[in-house]
Amino acid sequence: MSNSVVAPEQKEKQRAEAGLKYVGKNLERQEGIPKVKGQAIYIDDIQPEGCLYGRTVRSPEPRGEIVDIVFEPGIPWDEFVIVKPEDIPGENICAMIKNEIPFLADDEVKYKGEPLALIAHEDQQMVDRAINHITVKMKTDGYPAFFTIDEARSKQQVQYGEDNVLCSYQIEDGDLQAEFDKADLIVENHYKTKAQEHLYIEPQGIIAEVVPGEQVTVRGSLQCPYYITGALANLFAIDETSVRVIQTTTGGAFGGKEDYPSILAGHAALLSLKSGGRPVKMVYGREEDLLATTKRHPSDTTVRAAFDKQGKMLALEMDFALNGGAYPTLTSTVLSRGLLHSFGPYNWPAVNLQARAYMTNSTPFSAFRGFGAPQSIYALELLLNEAAEQLQLDPAELRRRNFLQPGDSMPTGQVIKEQIDLEQLMDRALEKIDYRRKKQEFAVFNRENDYKKRGISLATFFHGSGFTGDGEEKLASRAGVKISSENPLEILVANVEFGQGIHTGFVQIAAETCNLPPELIEVIEQDTDKVPNSGPTVASRSTMVVGRLVQDACEELVEELKNTAGLPDDFTTEDFLAASKNYLNSYGELYKEVQHHDPPEEQWDEENYRGSAYSGYAWSCDVVAVELDMIDYRVKITDFVSTVEAGQLINPDMAAGQIEGGIVQAIGYTLFENVVLEEGVMKNNHYADYIIPTAADVPSIDVEFIEFPLKNYGPYKAKGIGELPFDGPAPAIAGAVALALDKQFITLIPLLPETIHDTLSKLEETTDA
Amino acid sequence: MEISLTINGKNYQREVDETKNLLHFLREDLGLTGTKEGCGAGECGACSVLLNGRPVNSCLVLAVEANNCEIRTVEGEAVNGELSDLQKALHKHHAVQCGFCTPGMIISIRALLEKNPQPDEPEIKQAIEGNLCRCTGYKQIIEAVLDLTGQLDQKEELTHA
């Protein structure tokens, strides 16, 4: 998989027999001590000498033409640095997948809150006051705006291409009509999910320093250092190597710091340039962060599926739509991943799956943990429950009869090569929650109680690790390890630590490969002047793809020491250190860097959307029991079991932390988190009225890991785990609520008390009529 | 105006703007940046400090209100660089992920333990419900406190109410 010396199968086997020394152990977090001491340095903790504070002038209207930006009297504007689009030295385009997002809107504004100009001053209170003394005059006649998928679809106004479609994909497989013709049951329904805010606890923040004639330097809270070097090179019309990006301790990200920091970095850097090179700090307050930054895409999905009377799945048709907002951002890849997870871990003889993302005048939606998969999986899993009901099968039984087996093909034609056993995964979860007994008891309970109702349901799902399709091949990530005069071993990667524990994982992988205690290994800071481009910290890719590069680089380094510095084949830690010393004395530092290439058997046909969509999949089953209060319609989760297959766990406690944290975030998505969009902008942009789970809201979450025998892909057979836990909770919880409501199927989340009330009222109306 | 206060056992006398909140006074005037700003509106708990032993959101307290008070921040938790037992427990249980809520979380748990050395699980949850964490799902934080107070062995699996 890389140009390195890949460990032969035999070697892997010997090591497995010998047992792993560092991988699979609960090593404490590398940066844990500074974090518990309050000594970790986040961007807002840095106060550069002579720093200016920047703010953003935003559009008051969702669409229109800028007529004038009026700087009102009463503010000493001559003391301010002011940046407008004409101050941009390079292209006014923030390079992402499609190059269509301006750093500052120039002629036409496309969403409310869009950045138009920037101001900075050395007194933060002054700049905070001044921002409220700017009036933006706009022409809105002739610029109607729309905000929903329905409006975009209606084409009453067309603002993008010919049909407002930002991007679309399709997967077709088998003979759809023939399978529908055979069906004993056809079920169809329509599902909607709303936006979600990442709500990392540390808001977005950047400090930029652009001294004319010198390197552009950016520090900040971010996921993808090398996205920012690219974006700023374009903005300043300079070479990418003239941009230096340094990540500071990042207080949560979840996808929200994947693309947005490129825009914020551009803003701070433009102000710095205009000021003549003073450092400019832009740290968003919470309100501005919630108002201005990206969110999870709202979705609107129609699913139609055919079954025979034994419950065999025959055909699946899906129309999966996302609201992309005003600019393309990363929407095309989100849509693609949503589509490639829409068919679930089941054997469908025929499918026709269509996915479209629509442009609207909403704040752009973009990456968020799960990346489109939670939305499509929600629709499919709930439809399966409806089908099970009509087939008079238990929902678990329907799934059991259709699970993918080793050797089966997904609708993309990707053959399952690993020895998956989804029945085992599901049965273990059912057993742990005592599914059968609970289901019977709940039926009795619900007959006997009017004011409380109980339900239990499940979801089975997978999540692909790494970039979709040939994305990893195109990224061609590079990672390195080094024996230096300062450290026995250094790891050089661009993948950042934002809480997920990846640096600890990399250390464990390197420790295992080099037989070196973790305390002798140093992860070099994510500074683009120091580390190679191992790609963005996204897509559940860091452990599987970059971890494998770290392992491969370590293998090469070990080989080099064997060939040149007397390292024996079967070496101890002391042998490694002695050989390193020999090497350093004779040749100086030893650096090995490897580059990713997809294995030959993992090929993807982008044109026809067929082939190996992901090199590795993690699998999971969530089973949830709920109690619904029929007075106030509040849902209480009483039991939550999640079984997870993610290959070899590098650090089991940290893996459990990822699953538990992901589930709680998804519980918030399902039950509490309601982004109220008014004219496309988040209206409830405070913690007080955007409710995320507190310690008092979380149920008992019982996570159990299972390991299937795997093909050899990730480091020590590890897979990605970050996003998987987000995919299952919404349909599992909604399914349980539906059962509590006597199978009144839920189609919309978040399931706020008022949502449940409205659902029931509508059903009553229908019944009355 | 000039204020005098004790922070982590050390006396400070400073001239401070009457509109400045305690959080910004700690961070900007004294360089005690362990206490974090998550919202500036008293909603997330990241800026929790102990004021005369009581946990408060320091963004909602004016620095001048802390005149003659005793303040404790996360920086007062470790003694001579040595982690406190609470810090050790959080570290050991992987109860820290991104770390941004951690200083405030430590303060709220410290306040709880000073009142109640053996809190049960609902009491722990109640004590930290004003400290939002978006990473952990809270379980490993609760486990750390149960372990610290010698209650984890008896309770292998958490039975959250």
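Every chain is numbered from 1 and lettered A, B, ... according to where its sequence line falls, protein lines coming before strand lines. Only a predicted model underlies this, so the values are computations on that prediction, with no experimental measurement involved.
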Report task. Determine, for B:E77 against B:R72, whether the closest basic-nitrogen to carboxylate-oxygen distance falls under 4.0 angstrom. Result -> yes
Query raised in the report: Salt bridge between A:K37 and B:E75, side-chain N to carboxylate O under 4.0 Å?
Result: no
Query raised in the report: Residue by residue, which of residues 3-17 of chain B have a heavy atom closer than 4.5 Å to a heavy atom belonging to chain A?
Result: none
**Report entry** Ring-face cation contact, A:Y690 with A:R286, 6.0 Å cut, 45° max
**Finding:** no
Report task. Could you list which of residues 89-110 of chain B have a heavy atom closer than 4.5 Å to any heavy atom of chain A, in residue-number order? Result -> B:L90, B:H91, B:K92, B:H94, B:V96, B:Q97, B:C98, B:G99, B:F100, B:T102, B:P103, B:I106
Report task. Calculate, to the nearest 0.5 Å, the distance between atoms CG and CG belonging to B:L113 and B:N116 respectively. Result -> 8.0 Å
Report summary line: Okay, A:E28 and chain B: the region with an atom under 4.5 Å from a heavy atom over there is both
Query raised in the report: Between A:R369 and A:E723, is there a side-chain N and carboxylate O pair less than 4.0 Å apart?
Result: no
**Report entry** A:L27 versus chain B, the contacting section by heavy-atom distance below 4.5 Å
**Finding:** backbone
Report summary line: With chain B, the option among A:G32, A:G657, A:P34 that has the most non-hydrogen atom pairs under 4.5 Å is A:G657
Report summary line: Max heavy-atom pairs within cutoff under 4.5 Å with chain B, candidates A:V36, A:I33, A:V664, goes to A:V36
Report summary line: Heaviest contributor of heavy-atom pairs below 4.5 Å to chain B, chosen from A:P693, A:G661, A:A695, A:A688, is A:A695
Query raised in the report: Is it true that A:E49 and A:K281 make a salt bridge, defined as a side-chain N closer than 4.0 Å to a carboxylate O?
Result: no
Report summary line: chain A shares the most heavy-atom pairs under 4.5 Å, among B:A78, B:C44, B:G40, with B:C44
**Report entry** Under 4.5 Å from a heavy atom of chain A, the part of B:T19 involved
**Finding:** side chain
**Report entry** Max heavy-atom pair count under 4.5 Å with chain B, selected residue of A:T250, A:V283, A:L199, A:D697
**Finding:** A:L199
Requested in this report: Considering only NZ, NE, NH1 and NH2 on the basic side and carboxylate oxygens on the acidic side, decide whether A:D702 and A:K432 come within less than 4.0 Å.
Outcome: yes
Query raised in the report: Between A:D639, A:I663, A:N26, A:I659, which has the largest tally of heavy atom pairs under 4.5 Å with chain B?
Result: A:N26
Query raised in the report: Hey, is B:E82 close enough to B:K88 for a salt bridge, meaning N to O under 4.0 Å?
Result: yes
